[in-house]
Peer 1: 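Provided herewith is a single structure, encoded as structure tokens, for subsequent inquiry.
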Amino acid sequence: MVIEVWGTLPKLDDVIALHPTCCTENFGDYFMRFASLVIAVAMTFNASPVFAQTEDQGGPLIDYGTRFIPAISSRGMVSGPERLASEAGLDMLKRGGNAIDAAVATGFALAVTLPRAGNIAGGGFMLVHLAESDEQVFIDYREMAPASASRDMFLNEDGSVNKQMAYNSVNAAGIPGTVAGMIHALETYGSLDLKTVIQPAIDLAENGFEVPAALHLNLRSASKRLSKNDEANRVYLGGNGTAPAMGTVFKQPDLAETLKRIGDKGGDGFYKGKTAELIVAEMQRQGGLITEADLASYRAIERTPVRSTFRDYAIVSAPPPSSGGVHVSQILKLLEPFPLKDLGHNSAGYLHLLIEAMKLAYADRSEYLGDPDRTAIPVAQLTDEAYLDQRRTIIRDSVATPSADIRPGSLKDLESTETTHYSIVDQFGNVVSNTYTINFSFGSGIVVPGTGMLLNNEMDDFAAKPGFPNGYGLVQGEANAVAAGSRPLSSMTPTLVFKDGKPWIATGSPGGSRIITAVAQTLLNVMAFDMTLGMATSAPRIHHQWMPDMAMVEPGISPDTTNILEASKHKILRSNSTIGRVNSVQIDDGWFYGYADPRRPGGHVAVW
């Protein structure tokens with residue numbers, strides 16, 4: 001029974017029917033309190049300021065019935081993980097620059113203000129929508145294995161994986177791609193010069209900035225690991241293993257000089273000359289593999305994005321060496337025929353289907369995905385509707401299929417968690433979705449002396465031992481084995497959604513193996529459940545990656561729901577950890593809506 005609160009008070013019979021236990025000698029007092037509550041609710045919902053502005057009033061449409069209100073603008077927007085870097089990007093838009101200029105400025109600034117994930121010695125992917133030509137380009141600036149890397153380089157004599165070497169040594173570092181990727185994007189599609197877009201990062205590093213709570217907490221939690229490296233301890237912990245206090249000014253003069261060399265000489269200011277010499281010197285000192293020739297030979301390249309559809313929407317996402325676009329597409333297509341909205345968001349019925357679709361996608365990931373420059377990746381076959389129709393038959397009604405019984409699909413007849421993401425839209429209609437990383441939080445934990453920059457540990461994203469899990473528990477095959485000059489498989493999933501042929505949403509997330517499922521659920525929330533961007537981002541998530549056979553459930557999923565799932569033979573991990581950190585922008589009727597995932601502190605949407 002629903003009681004109407006917009007007009008008159010509810011009838012006594014209705015109240016008694018809904019609240020039979022209230023019929024006592026104190027009923028009069030109870031009813032007056034209930035009536036007062038109803039009146040208060042009615043006044044709240046009828047007060048004119050709370051309703052969304054109608055279209056004929058000329059403003060954006062906001063649903064004040066949701067708890068999660070997005071940021072709004074009409075000329076430019078940067079939705080990112082950190083305030084100063086987002087504002088640096090926005091400043092480029094205010095100078096007349098485009099979304100690509102803003103993306104590059106934000107990327108360089110994050111290397112200063114978000115050192116656990118922002119970087120110049122890591123790598124990533126940038127997906128760009130160009131308004132003038134109505135095309136999408138994908139820039140791959142993923143790290144590469146050095147020329148002297150070999151298949152079994154991370155194995156001990158007994159065949160086990162040497163985790164210390166794979167996670168925390170200079171050998172864990174791939175050839176960095178971030179600087180090359182940013183410069184390629186700027187020179188090819190930007191409108192401002194490199195000196196202009198890199199200057200905010202230089203200023204932040206040279207003049208310093210007040211340590212926000214997020215940075216203090218990040219450094220404090222990583223202090224034990226960072227203090228093991230003398231240079232990281234000096235740069236980030238003052239040489240005494242202690243995180244800088246909130247509100248103190250944090251300066252990074254070595255990093256400022258490294259950024260200046262890039263600003264002055266472009267890619268040669270990083271991949272050649274003094275910075276390259278400092279990187280190689282540290283490699284030689286610690287027995288690492290990267291050489292001056294490795295650095296000088298690095299190139300960012302453009303690839304064809306993965307394209308798919310979900311109902312009336314077009315999806316453009318990351319191709320290999322990312323697995324993200326393929327498997328987000330698989331998850332969406334596997335679920336497309338089901339009446340998801342009727343099942344109810346995060347109901348046991350919906351989550352059962354979602355978990356089973358995730359298992360099927362990650363099983364395929366273990367077998368078929370890798371570096372497309374080394375291995376033929378059957379993207380078209382893996383996203384083929386006939387193939388997915390066949391795979392969908394494995395999903396049983398209300399009963400989980402054990403992961404051990406799910407194998408990668410047959411194509412014979414077909415064929416850190418500490419990453420960070422930001423999304424940008426400009427006044428010209430260009431859109432950027434960028435995800436980049438140094439892999440673990442603070443990468444390898446090693447700072448190259450004299451550069452102020454942390455080395456990545458992306459070599460762990462290769463299959464150090466094919467068939468066995470990596471640092472994120474992902475089982476991977478020979479297609480992603482360590483090989484000289486290869487780019488490791490990634491889960492980074494910068495994604496664009498188009499509605500009626502126009503860009504509608506730009507999104508992506510950090511989270512290691514959880515990126516794909518975080519992005520997929522955000523997209524399902526807006527496309528299948530008609531959620532606002534804020535609600536879609538904030539709603540509780542789940543994650544399953546085939547192996548281990550365990551569905552991780554965020555806080556906020558009903559215990560009743562998880563109990564039903566367990567009764568359906570699902571193995572549930574009730575976790576206090578979160579899944580992803582999605583930062584998105586949405587374009588609708590000329591207005592921009594942005595939302596930074598509240599799962600971690602510090603997120604910021606810069607608006608103009």
Side-chain angles (χ1 to χ4, degrees), residues 60-63 65-66 68 70 79 127 129 136 305-318 324-347 349-358 360-361 383 385 388-389 392 395 421 423 425 431 433 435 493-509 511 514-543 554 579-589 591-595 597:
L61 296 176
I62 292 295
D63 178 7
T66 177
F68 307 101
S79 176
L127 180 59
H129 169 73
Q136 296 80 47
V306 171
R307 298 178 185 274
S308 62
T309 60
F310 179 82
R311 298 178 181 172
D312 295 330
Y313 302 95
I315 315 296
V316 181
S317 193
V326 169
H327 299 311
V328 163
S329 297
Q330 285 189 318
I331 292 169
L332 296 178
K333 295 301 286 187
L334 286 166
L335 295 174
E336 187 173 36
F338 294 103
L340 304 180
K341 196 170 185 180
D342 292 341
L343 291 171
H345 181 258
N346 279 355
S347 66
Y350 168 62
L351 293 182
H352 165 71
L353 296 174
L354 183 58
I355 290 169
E356 297 301 283
M358 290 175 179
L360 294 171
T383 56
E385 291 201 25
L388 293 172
D389 287 345
R392 193 181 299 112
I395 300 176
H421 177 87
S423 300
V425 59
V431 186
S433 180
T435 313
T493 314
T495 300
L496 301 175
V497 179
F498 291 77
K499 181 180 181 181
D500 299 326
K502 298 179 180 179
W504 184 52
I505 286 177
T507 191
S509 176
R514 305 170 193 170
I515 292 173
I516 294 168
T517 53
V519 171
Q521 286 169 91
T522 303
L523 295 181
L524 285 164
N525 288 348
V526 292
M527 296 188 299
F529 294 98
D530 299 322
M531 290 186 185
T532 63
L533 188 62
M535 181 66 79
T537 303
S538 302
R541 300 177 186 137
I542 65 167
H543 171 75
E554 275 190 336
I579 297 169
R581 184 190 189 181
V582 177
N583 296 313
S584 310
V585 297
Q586 182 176 16
I587 305 102
D588 204 353
D589 291 329
W591 292 94
F592 307 149
Y593 303 88
Y595 202 80
D597 200 324

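Source: prediction; values computed, not measured.
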Peer 1: Quick one: CG on Asp389 to CG on Leu334, what's the gap to the nearest 0.5 Å?
Peer 2: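 So the CG of Asp389 and the CG of Leu334 are separated by 9.0 Å.
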Peer 1: Measure across Ala506 and Ser433 and return the closest heavy-atom pair with its distance rounded to 0.1 Å.
Peer 2: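 The answer is CB-CB, 4.4 Å.
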Peer 1: Asn346 side chain to Pro540 main-chain N or O, any donor-acceptor pair under 3.5 Å?
Peer 2: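 It does hold such a pair.
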Peer 1: A side-chain contact here means heavy atoms from C-beta on lying under 4.5 Å apart; do Leu524 and Leu354 qualify?
Peer 2: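 Of all side-chain heavy-atom pairs linking Leu354 with Leu524, at least one is under 4.5 Å.
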Peer 1: Tell me, do Pro503 and Leu496 make a side-chain contact under 4.5 Å, heavy atoms counted?
Peer 2: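 Answer no - side chains too far apart.
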Peer 1: Do Val526 and Trp504 come within less than 4.5 Å of each other through their side chains, counting heavy atoms only?
Peer 2: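 Yes, at least one pair of side-chain atoms sits under 4.5 Å.
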Peer 1: Quick one, Gln521 and Ile542 - any side-chain contact, counting heavy atoms below 4.5 Å?
Peer 2: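 Yes; the side chains approach each other to less than 4.5 Å.
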Peer 1: Between NZ of Lys502 and CG of Asp589, what distance do you get to the nearest 0.5 Å?
Peer 2: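 CG of Asp589 is found 8.5 Å from NZ of Lys502.
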Peer 1: I'd like to know if the side chain of Tyr593 and the backbone of Gly534 have a donor-acceptor N/O pair within less than 3.5 Å.
Peer 2: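 Here the side-chain-to-backbone pair does not exist.
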Peer 1: Can you see which heavy atom on Asn525 is nearest to which on Ala539, and at what distance?
Peer 2: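 That closest heavy-atom pairing would be ND2-CB, 3.9 Å.
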Peer 1: Report yes or no: does Arg311 contribute a side-chain atom to a donor-acceptor pair with the main-chain N or O of Glu336 at less than 3.5 Å?
Peer 2: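 Looks like yes, one N/O pair under 3.5 Å.
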Peer 1: Looking at Asn583 and Ser79, would you say the former's side chain and the latter's main chain have a donor-acceptor pair under 3.5 Å?
Peer 2: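 Looks like no, no N/O pair under 3.5 Å.
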Peer 1: Might you work through the side-chain contact (heavy atoms from CB on, under 4.5 Å) test for His421 and Val582, ending with a clear yes or no?
Peer 2: CA-CA 7 Å; His421 177 87; Val582 177; over 6 Å; no
Peer 1: Check whether any side-chain heavy atom of Ser509 lies under 4.5 Å from a side-chain heavy atom of Thr493, and answer yes or no.
Peer 2: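 No. Closest side-chain heavy atoms not under 4.5 Å.
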Peer 1: Would Tyr595 and Thr532 count as having a side-chain donor-acceptor pair, cut-off 3.5 Å?
Peer 2: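 Checked: Tyr595/Thr532 side chains show no N/O donor-acceptor pair below 3.5 Å.
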Peer 1: Specify the closest pair of heavy atoms between Ala357 and Ile331, including all atoms of both residues, with the distance to one decimal.
Peer 2: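 Nearest pair, atom of Ala357 first, then Ile331: O-CG1, 4.1 Å.
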Peer 1: So how far is it from Met531 CE to Ser538 OG, rounded to the nearest 0.5 Å?
Peer 2: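 Here the interatomic distance stands at 10.0 Å.
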Peer 1: Got a second to check how far Lys333's NZ is from Arg392's CZ, nearest 0.5 Å?
Peer 2: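 Here the interatomic distance stands at 8.0 Å.
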Peer 1: So Leu343 and Leu353, side-chain contact (heavy atoms from CB on, under 4.5 Å) or not? Walk me through it.
Peer 2: CA-CA 10 Å; Leu343 291 171; Leu353 296 174; 3.6 Å; yes
Peer 1: How many angstroms lie between atom CG of Leu127 and atom OG1 of Thr495, to the nearest 0.5 angstrom?
Peer 2: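 One finds 7.0 Å between CG of Leu127 and OG1 of Thr495.
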Peer 1: Against Val328, only a single residue in Thr517, Val519, Val306 fulfils side chain to side chain contact (heavy atoms under 4.5 Å, CB included); can you say which?
Peer 2: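 Going through Thr517, Val519, Val306 one by one, the side chain to side chain contact (heavy atoms under 4.5 Å, CB included) with Val328 is satisfied by Val519 alone.
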Peer 1: Could you tell me if the side chain of Ser308 sits less than 4.5 Å from the side chain of Thr383, heavy atoms only?
Peer 2: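 A side-chain contact under 4.5 Å is absent here.
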Peer 1: Taking all atoms of both residues into account, what is the closest heavy-atom pair of Gly580 and Ala518, and its distance?
Peer 2: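 Scanning both residues completely, I find the closest heavy atoms to be CA-CB, 4.1 Å.
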Peer 1: For Lys499 and Gln586, what are the C-alpha separation, side-chain angles and deciding distance, and is it a side-chain contact (heavy atoms from CB on, under 4.5 Å)?
Peer 2: CA-CA 11 Å; Lys499 181 180 181 181; Gln586 182 176 16; over 6 Å; no
Peer 1: Taking the side chain as everything from C-beta on, heavy atoms only, tell me whether Leu332 gets closer than 4.5 Å to Met527.
Peer 2: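 The answer is yes; the side chains approach within 4.5 Å.
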Peer 1: I'd like to know whether Val497 forms a side-chain contact (heavy atoms from CB on, under 4.5 Å) with Tyr313, so could you lay out the CA-CA distance, the side-chain angles of the two residues, the decisive distance to 0.1 Å, and finally the verdict.
Peer 2: CA-CA 7 Å; Val497 179; Tyr313 302 95; 4.1 Å; yes
Peer 1: If I take atom CZ from residue Arg514 and atom CD1 from residue Ile579, how far apart are they, to the nearest 0.5 angstrom?
Peer 2: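 Between Arg514 CZ and Ile579 CD1, I get 6.5 Å after rounding to 0.5 Å.
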Peer 1: Would you mind reporting whether Phe498 and His129 have side-chain heavy atoms less than 4.5 Å apart?
Peer 2: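 Touching, per the 4.5 Å side-chain cut-off.
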Peer 1: Pairs in or reaching into residues 515-543: which pass salt bridge (Lys or Arg N to Asp or Glu O under 4.0 Å), with residues at least two apart or in two chains?
Peer 2: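 Residue pairs with at least one partner in residues 515-543: Lys341-Asp530, Arg541-Asp597.
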Peer 1: If you take all heavy atoms of Gly324 and Ile516, which pair is closest and at what distance?
Peer 2: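 Taking every non-hydrogen atom into account, CA-CG1, 3.8 Å.
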